[in-house]
Amino acid sequence: GGEPASGDIDGDGLVDLRDLFVTEAIVDINTDGPGQDEPIYNPAADMDGDGEITAADVLVIRDLWQRGVTERQQDTTGS
């Protein structure tokens, strides 16, 4: 349940390169982080809703960024 992920990691209303880079960094840290008890998780980056931040989420955020999608545009598509 809950809200669908927006891809807007920093909350500025845009899906931009900053969001993409942060999501890539989360994946890198979760993959390579030595001795990390809990993986880093940000619900805005969990695009497929599987409870993990993975390369699949990065691909979706990259696609949103390339299409210039903003959170506001996503919100208005359902009405």
Side-chain angles (χ1 to χ4, degrees):
E3 294 292 314
S6 66
D8 179 18
I9 312 308
D10 59 8
D12 67 355
L14 303 171
V15 178
D16 55 20
L17 269 178
R18 192 171 333 166
D19 301 307
L20 181 61
F21 291 156
V22 169
T23 305
E24 289 175 337
I26 291 172
V27 171
D28 288 345
I29 291 167
N30 287 347
T31 303
D32 301 329
Q36 194 165 326
D37 294 333
E38 291 289 322
I40 296 171
Y41 182 74
N42 183 320
D46 187 10
M47 301 305 291
D48 57 11
D50 67 355
E52 298 179 318
I53 309 303
T54 64
D57 301 305
V58 171
L59 291 175
V60 174
I61 291 172
R62 185 179 69 190
D63 182 55
L64 290 174
W65 163 66
Q66 287 174 333
R67 290 188 289 135
V69 172
T70 68
E71 193 172 340
R72 279 163 267 164
Q73 288 170 328
Q74 289 175 346
D75 289 344
T76 59
T77 56
S79 43

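Atoms considered below: every heavy atom in the structure, side chains included; atoms not considered: hydrogens, waters and symmetry mates.
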Check the hydrophobic clustering (I, L, V, M, F, W, Y; side-chain heavy atoms under 4.5 Å; chains of links allowed) and say if W65 and F21 are grouped together.
yes
Cluster check I29, L59: I/L/V/M/F/W/Y, side chain < 4.5 angstrom:
no
Residues passing the side chain to side chain donor-acceptor pair (under 3.5 Å) test with D16, sequence neighbours excluded, are none
For D57, enumerate each residue passing the side chain to side chain donor-acceptor pair (under 3.5 Å) test, keeping only those at least two apart in sequence or located in another chain.
T54
Under 3.5 Å, side chain of [X] to main-chain N/O of [Y], donor-acceptor pair present?
X	Y	answer
D46	G51	yes
D8	V15	no
D19	D10	yes

So which heavy atom on [X] is nearest to which on [Y], and how close?
X	Y	value
I53	I40	CG1-O, 4.0 Å
S6	L64	O-CD1, 3.9 Å
P43	A5	O-CB, 3.4 Å

Identify, with sequence neighbours excluded, every residue that meets salt bridge (charged side-chain N to carboxylate O under 4.0 Å, His left out) alongside D63.
R67
I'd like to check the salt bridge (charged side-chain N to carboxylate O under 4.0 Å, His left out) partners of D28; sequence neighbours left out, ordered by chain and number.
none
Not counting sequence neighbours, which residues clear side chain to side chain contact (heavy atoms under 4.5 Å, CB included) with A25? List them please.
none
Just jot down the side chain to side chain contact (heavy atoms under 4.5 Å, CB included) partners of V58, sequence neighbours excluded, or say none.
L20, T23, E24, V27
As an exercise, state the distance from CG of N30 to CD of E38, rounded to the nearest 0.5 Å.
10.0 Å
State the CD-CG distance between Q66 and L17, to the nearest 0.5 angstrom.
9.5 Å
Chi angles and distances behind the side-chain contact (heavy atoms from CB on, under 4.5 Å) call for I61, M47
CA-CA 8 Å; I61 291 172; M47 301 305 291; 3.6 Å; yes
